[in-house]
Amino acid sequence: MDLRELRAALDRWSERGLIDPEQARAIDDFETIEAGPELAAAAAGTPVGAPRWEASAVLAYVGVLVALAAVLALYVTVVPDAAAATRVGVAVAMAVAAAVLGALAARLPGGGRIADALGLSFALLVGAAALVAFDAADWIDGERGRNARELAQQRIAFALSAAAMGSAAWAALRWLRSPLAAAPLALAPIAALGVLGWWVAPNSGDDPGRLAGLVVTYAAYALALLPLLGVLPAALGVAGSARGWFTLAALGAANIAALMLAAEFGGAHEGLLLAHAALQLAVAVWRGGRAWLALGALSLYEYVAIVVFRTFEGAVAAIVVLALVGLGTAFGALAGQRVGDALRALGRERSARS
């Protein structure tokens with residue numbers, strides 16, 4: 001098999017989920033080196049292992065996720081008005097339906113993407129079903145929490161619901177082969193630890209919310225580092241994209257918590273948001289990773305936005321400054337990309353001459 005045939009095969013295997021994109025690229029790089037510069041140049045083409053987003057793939061994901069949004073809308077509209085037993089029964093039935101449909105889709109030719117989206121749906125629906133069950137048991141009613149016992153019940157309900165979602169996500173990863181399920185798998189321990197922070201904080205003023213936010217932020221960063229340390233790939237045992245979804249969900253949770261702390265409490269929390277941006281950008285430079293780069297840039301912009309709006313007190317000047325910062329970054333990125341492309345081209349030209 002020559003390099004062209006190998007790359008076509010790797011594309012097919014990557015698309016079907018038999019190997020992940022990182023493995024495909026590693027095989028291609030190895031065989032390219034083995035083939036030597038002349039054969040490699042003759043077989044030059046589109047890099048393998050890149051996601052292939054055909055219209056059918058996009059529609060498969062979007063269709064299932066739209067259906068999930070419609071199902072979750074039932075919790076807001078129809079289900080709350082039903083009897084307690086009916087609410088719990090409907091919630092459990094929806095979660096079971098997602099699991100069964102995901103298992104059936106996984107057996108269909110080309111059904112991996114539908115199974116992937118249904119795996120995410122299953123995990124989220126299990127978490128929602130747990131909350132519905134605790135609500136039916138009157139453990140998380142909005143009027144509760146007036147004494148220590150009711151507050152403890154609320155915290156237990158949220159922690160166990162997070163654990164249920166995480167367990168369902170693990171099942172979806174292992175049996176439905178759903179990389180998207182890695183996102184709720186990351187969010188489950190983060191939520192549970194946030195509840196723990198809420199629990200141990202002094203029950204006065206802003207202390208519970210502040211400590212819960214700090215716990216969520218740093219627990220999320222710790223989890224996001226697992227893929228970089230080589231811990232997560234062996235644990236997940238599915239396509240490499242699962243690691244990306246895991247990292248993105250963890251960093252997203254850290255970003256939201258850090259932003260809320262900075263916006264609500266200001267002071268040192270604003271400085272921490274800037275430190276978070278620096279940390280994420282440093283990791284992106286050190287080990288690579290689009291999620292770290294994107295979330296680091298987002299954290300930096302959030303810090304700039306908070307400082308600018310506090311300085312100008314929400315005036316139009318703040319919007320103008322932010323717009324200029326955003327445009328400057330966009331054009332700077334474009335210029336940096338062109339410089340990088342030119343340097344790589346120069347390096348290839350020198351290698352060819354040598």
Side-chain angles (χ1 to χ4, degrees), residues 124 162 180 182-198 201 205-228 243-337:
L124 295 178
L180 276 172
L185 181 67
L187 294 177
I190 293 171
L193 289 170
V195 172
L196 179 62
W198 172 34
D206 296 325
D207 289 338
R210 188 194 299 260
L211 183 56
L214 288 171
V215 170
V216 165
T217 301
Y218 296 109
Y221 278 129
L223 286 176
L225 284 169
L226 292 181
L228 296 181
R243 299 193 290 275
W245 287 116
F246 187 98
T247 301
L248 187 61
L251 289 178
N255 177 265
I256 292 171
L259 174 62
M260 292 179 66
L261 287 170
E264 179 69 20
F265 301 110
H269 293 289
E270 291 181 10
L272 286 174
L273 182 60
L274 179 60
H276 299 157
L279 168 67
Q280 292 173 86
L281 293 173
V283 171
V285 172
W286 168 51
R287 294 297 299 269
R290 295 178 182 177
W292 287 92
L293 179 62
L295 270 297
L298 181 61
S299 297
L300 182 59
Y301 283 132
E302 288 165 349
Y303 170 77
V304 171
I306 289 174
V307 172
V308 168
F309 272 89
R310 287 197 192 280
T311 302
F312 292 96
E313 297 182 349
V316 176
I319 300 174
V320 173
V321 170
L322 287 177
L324 292 175
V325 170
L327 289 174
T329 304
F331 282 106
L334 179 61
Q337 182 181 8

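Computation of the quantities below employed the complete heavy-atom set of this structure, encompassing side-chain atoms and omitting hydrogens, waters and symmetry-equivalent molecules. What you see is a predicted model; the values in this text were computed from it and never measured.
A253 approaches L187 most closely through the heavy-atom pair CB-CD2, 4.0 Å. Taking both residues in full, the closest heavy atoms of A186 and A249 are given as CB-CB, 4.2 Å, listed atom of the first, atom of the second, then distance. Between G213 and A257, the shortest heavy-atom distance links the atoms O-CB, 3.8 Å. Nearest heavy-atom pair, A250 versus A220, reported as atom, atom and distance to 0.1 Å: O-CB, 3.2 Å. Annotation for V215 and G194: closest pair CG1-N, 4.1 Å, computed over non-hydrogen atoms. In terms of heavy atoms, A262 sits closest to L273 at CB-CD2, 4.0 Å.
Counting only N and O atoms by type, the side chains of N255 and E302 include a donor and acceptor under 3.5 Å apart.
Looking at heavy atoms from C-beta onward, L223 lies in side-chain contact with I190 at the 4.5 angstrom threshold. Looking only at side-chain heavy atoms (C-beta outward), L248 and W245 come within less than 4.5 Å of each other. You'll find the side chain of F265 stays beyond 4.5 Å of the side chain of M260, heavy atoms only. In this structure, L272 and L261 have side chains that are not in contact, with every pair of non-hydrogen atoms separated by 4.5 Å or more. The side-chain heavy atoms of L214 and H269, taken from C-beta on, include a pair separated by under 4.5 Å. Between L225 and W292, the closest side-chain pair of non-hydrogen atoms falls below 4.5 Å.
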Could you walk me through whether L226 and R243 pass the side-chain contact (heavy atoms from CB on, under 4.5 Å) test, one step at a time?
-> CA-CA 9 Å; L226 292 181; R243 299 193 290 275; over 6 Å; no

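Annotation: the span from L185 atom CG to L180 atom CG amounts to 12.5 Å, rounded to 0.5 Å. Atom OG1 of residue T217 and atom CD1 of residue I256 lie 10.5 Å apart, to the nearest 0.5 angstrom. Once rounded to the nearest 0.5 Å, the distance linking CG of L279 with CG of L251 reads 9.0 Å.
Aromatic ring centres of H276 and Y221 lie closer together than 6.0 Å.
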